[in-house]
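Accompanying notes for the structure given below.
Computed over heavy atoms, backbone and side chain alike; hydrogens, waters and symmetry mates excluded. These numbers were taken from a predicted model, which means no experiment stands behind them. Order of listing sets the numbers, starting from 1, for every ligand and every atom in it. Numbering starts at 1 and runs along the sequence shown.
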Amino acid sequence: MKYIPFLSLALAASVTFVACVNSSRKTVSEEDWIEQTLAKMSVEQKVKVIHAQSKFSSAGVPELGVPELWCTDGPHGIRPEVLWDEWVQAGWTSDSCVAFPALTCLAATWNREVAALYGKSIGEEARYRDKDVLLGPGVNIFRTPLGGRNFEYMGEDPYLAGEMAVPYIKGVQSNGVATCVKHYCLNNEETNRHTVDIDLDDRALYEIYLPAFKKAVQEGGSWSIMSSYNLYRGQHVSHNHRLLVDILKGEWGFDGAVISDWGGVHDTDEAIHNGMDIEFGTWTDGLTMGKTNSYDSYYLADPYLKKIRSGEVGTEELDDKVRRVLRLIHRTAMNQDKPAGSMRSPEHYAAARRIGDEGIVLLKNEGLLPVKPETKNILIVGENAIKSMIVGGGSSSLKAQREIYPLLGITERAEAAGASVKWVRGYVGSTDNSYNGVKSGQDLSESRSAGVLIAEAVEEAAKADLVLFIGGLNKSKNQDCEGKDREGLELPYGQDEVIRAIVEANPRTAVILISGNPVAMPWVDDVNAIVEAWHGGSEAGHALADVLWGDVNPSGHLPFTWPVALADCPAHQEGMAFPNDGKTFYNEGILVGYRWFDTKGVKPLFPFGHGLSYTTFEIGEARLSGKTIRKDGSLKVSVPVTNTGDRAGATVVQLYISDDEASVLRPAKELKGFEKVSLNPGETRTVTFTVKEEDLRYFDADAHAWVSENGTFTARIGCSAGDIATEATFTLI
Ligand code: BGC
């Protein structure tokens with residue numbers, strides 16, 4: 001049980017003590033309280049607070065009024081309670097949550113306000129469940145479309161990921177719940193995540209893989225951060241001196257706590273000296289595999305105490321760790337101003353739906369969508385229309401109070417419009433229906449052959465006014481899942497064949513993908529409408545129906561580049577392996593995502609930032625506030641944006657900057673600003689971006705400094721990286 005000093009009435013002594021803690025808290029500042037508490041703690045008490053006592057909690061110091069610290073996954077909802085030392089759920093009946101859409105969907109909204117709503121809402125759920133630390137958001141860079149956990153991250157661009165993470169973090173932390181931004185850093189693959197040993201040049205590290213974490217820490221003010229499993233330059237990140245001590249705590253001045261990923265610590269000495277603050281989950285790595293409740297054997301438990309007692313190490317590092325842990329506890333568990341929180345509220349369902357509404361991306365539409373009023377019978381084909389996407393996928397798996405599957409949401413909406421809906425399976429993907437004891441309650445068994453399922457789909461498709469194929473990936477092994485990357489870009493389970501067959505039977509077919517990753521589309525030219533609906537959480541089906549019927553005009557834009565083929569992707573260049581194991585060098589350097597495609601002239605299927613609407617937009621001519629920019633100065637770029645269609649809608653105006661006269665390799669262009677703009681038909685608004693001199697810098701690895709070079713730069717503005725409408729040139733002097 002969680003120890004809550006203010007509410008504990010069991011012992012008179014603790015009541016007296018609480019009164020004293022409460023009154024002292026009113027007058028004593030956080031830092032004073034930390035120092036006073038530290039001074040009272042024995043070495044044993046100090047060591048006790050820097051490692052886990054259960055799967056998701058660390059011990060407090062009850063005798064000093066320091067409460068326990070309780071963590072929860074994250075990042076899409078609040079995980080059900082698990083047993084003390086087991087992953088399996090505890091069987092509570094009061095711990096079901098609202099599942100919010102996956103973070104790829106949030107990133108696809110390109111709307112900071114929606115990110116704030118996400119953070120506030122999930123933070124309230126965490127708060128109500130009395131959690132102190134939410135294990136999320138994830139801001140690892142999407143390096144390859146095979147990344148198993150891309151769905152938990154916010155795309156390929158460091159600026160976009162950072163901009164979306166900051167409001168999420170602030171929203172969560174406004175509830176007195178810490179975010180634990182993960183997985184710091186370079187956790188770009190899953191299959192060999194414990195053994196892959198990454199090296200890359202410093203430019204790529206500082207320009208691509210670190211900025212979202214830096215922003216999360218410095219602008220978001222995240223109170224904790226989770227170290228990743230992988231190694232960097234031969235040392236596990238959980239005790240990597242350069243990443244944790246030099247960069248995170250040194251260069252960025254992070255004053256919070258570093259929490260290890262579960263089982264990510266491997267060495268006592270390194271953990272002592274290299275910046276690890278709280279060790280979680282170690283029995284999973286073989287230290288005491290098979291022995292439960294062996295928390296005292298953790299690298300930062302008895303082995304640390306032994307070293308202190310023998311004089312092999314002092315307590316300076318220990319005190320630094322304890323200060324950070326106490327600070328985290330004071331900001332969360334002991335926070336007296338935190339609101340009560342709430343769970344499963346109508347507001348949270350509405351938030352989940354809004355995130356889905358704004359994140360769903362209309363990739364292609366040749367007049368098929370929105371669904372026409374005269375549509376009377378709709379055929380839905382595909383397993384993802386009825387399969388739970390909330391149960392599965394690894395640590396982000398949830399127990400939701402409800403999940404509106406696409407079939408349900410679409411049927412509700414179709415019936416309201418006087419249409420009928422029929423569903424056929426089309427293919428068999430995964431029949432899994434449980435994760436860590438949470439069951440989706442679905443029976444997905446199927447005895448018919450693939451040929452019979454396709455024949456049924458074709459026969460029904462021919463009779464329908466509209467066919468909606470709903471497939472994609474499904475969070476089972478190798479299909480958007482922790483611990484296992486995807487094995488190829490292709491759609492699994494023979495879905496391409498099903499799509500081809502039904503499109504041939506009925507050209508009025510839209511393909512709707514549920515996934516956190518792009519997939520190959522050998523049928524792209526034959527299909528009239530394509531929608532990326534992401535993993536949508538509790539309100540998935542409602543949000544999808546909103547967009548299909550045009551109740552909500554789609555405004556999601558891709559947070560990653562959608563490649564034609566895997567070989568086109570920078571991490572899959574000739575000679576580069578994936579997944580990797582052991583020593584791995586990121587050959588592509590800074591050319592990640594659209595930076596690669598644009599610079600090398602490789603044509604993607606859909607560019608980064610792409611997303612259609614049921615209306616049309618026009619971006620007018622860019623205007624600059626001046627022709628020059630000075631060191632540490634700035635200038636403004638403005639563009640008029642007009643809704644030229646006949647319905648209200650929103651688009652994302654994106655600002656990219658190119659360095660036209662660089663002496664070093666610069667990407668063809670880089671995202672430096674974006675704004676989501678809602679416009680009524682015929683309405684025009686002017687969007688103004690501020691370009692600062694610091695936006696023009698690159699990281700000079702030799703000088704270990706951000707530098708900009710005098711010369712010409714071009715601001716390019718458009719609705720995707722592949723659709724630049726206007727540009728303007730200025731000079732840095
Ligand atoms: C995952 C983390 C997660 C932790 C606790 C690890 O396996 O990598 O993202 O927060 O487990 O469930």
Side-chain angles (χ1 to χ4, degrees), residues 51-58 69-90 95 97 102-104 122 126 129 131-140 147-154 165 168 172 177-196 213 216 222-231 236-238 257-266 276 278-287 289 295 298 391-399 435-438 475 477 480-485 516:
H51 61 86
Q53 61 165 2
S54 78
K55 268 277 169 271
F56 283 100
S57 72
S58 62
L69 188 74
W70 280 81
C71 307
T72 177
D73 284 300
H76 307 141
I78 309 308
R79 188 175 178 149
E81 286 309 319
V82 297
L83 294 175
W84 190 257
D85 194 32
E86 304 290 337
W87 290 109
V88 72
Q89 65 141 348
D95 58 350
C97 65
L103 290 190
T104 24
I122 195 173
R129 282 271 306 285
K131 302 302 179 192
D132 306 310
V133 180
L134 177 75
L135 304 175
V139 296
N140 290 96
R149 289 184 91 171
N150 283 345
F151 71 99
E152 289 186 68
Y153 303 145
M154 295 204 263
Y168 177 115
V172 171
V177 174
T179 49
C180 185
V181 180
K182 64 193 189 183
H183 307 87
Y184 179 75
C185 60
L186 301 167
N187 190 173
N188 307 110
E189 60 182 77
E190 286 297 297
T191 303
N192 302 306
R193 60 182 174 167
H194 295 278
T195 45
V196 65
F213 288 103
S222 185
W223 294 329
S224 66
I225 197 166
M226 185 188 291
S227 59
S228 57
Y229 282 135
N230 50 287
L231 297 91
H236 276 102
V237 176
S238 286
V258 178
I259 296 178
S260 76
D261 199 346
W262 272 231
V265 176
H266 301 272
M276 171 46 53
I278 317 180
E279 178 188 3
F280 267 96
T282 293
W283 73 270
T284 55
D285 88 339
L287 174 72
M289 187 58 122
Y295 296 100
Y298 273 32
V391 175
S395 58
S396 61
S397 180
L398 297 168
K399 180 164 98 184
Y435 190 85
N436 280 347
V438 178
K475 290 204 182 166
K477 197 171 155 210
D480 283 349
C481 176
E482 179 175 342
K484 279 281 169 219
D485 295 299

Just jot down the ligand 1 atoms closer than 4.0 angstrom to any heavy atom of [X], in number order.
X: W87; result: 12 (O)
X: R79; result: 12 (O)
X: K182; result: 2 (C), 3 (C), 9 (O), 10 (O)
X: L135; result: 10 (O)
X: S395; result: 1 (C), 2 (C), 3 (C), 9 (O), 12 (O)

Pi-cation contact, W87 with K55 (under 6.0 Å, within 45°):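 Relative to the ring axis of W87, which defines the angle, K55 lies inside both limits.
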Test item, F280 contacting ligand 1 (heavy atom, 4.0 angstrom):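 No heavy atom of F280 comes that close to ligand 1.
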Any E152 heavy atom less than 4.0 Å to ligand 1: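 The answer is no: ligand 1 sits nowhere under 4.0 Å from a heavy atom of E152.
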Geometric class of the H266/H236 ring pair [parallel <30°, tilted 30-60°, perpendicular >60°]: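 Rings of H236 and H266: parallel, as their planes differ by under 30°.
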Protein heavy atom at shortest distance from atom 11 (O) of ligand 1: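 The closest one turns out to be D261 OD1, 3.6 Å.
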For atom 7 (O) of ligand 1, the protein heavy atom that lies nearest, with its residue and separation: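 I find the closest protein heavy atom is E482 OE2, 2.8 Å.
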Which heavy atom in [X] sits nearest to a heavy atom in [Y], and how many Å separate them?
X: S227; Y: V258; answer: CB-CG1, 4.2 Å
X: K131; Y: T72; answer: CG-CG2, 3.4 Å
X: A52; Y: F280; answer: CB-CD2, 3.5 Å

S260 and S238: side chain donor to acceptor below 3.5 Å: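 No, S238 and S260 have no side-chain donor paired with an acceptor closer than 3.5 Å.
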Any side-chain donor near an acceptor of the partner, H183 and R149, under 3.5 Å: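 Indeed, the side chains of H183 and R149 share at least one donor-acceptor pair under 3.5 Å.
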Inter-residue atom distance L135.CG - K182.NZ, 0.5 Å rounding: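 L135 atom CG to K182 atom NZ measures 5.5 Å (nearest 0.5 Å).
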Region of K55 that comes within reach of ligand 1 [heavy atoms, distance under 4.0 Å]: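 For K55, no heavy atom sits under 4.0 Å from ligand 1.
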Proximal candidate to atom 12 (O) of ligand 1 [heavy atom criterion; set L134, I259, D73]: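 Comparing heavy atoms across L134, I259, D73, the nearest one to atom 12 (O) of ligand 1 lies in D73.
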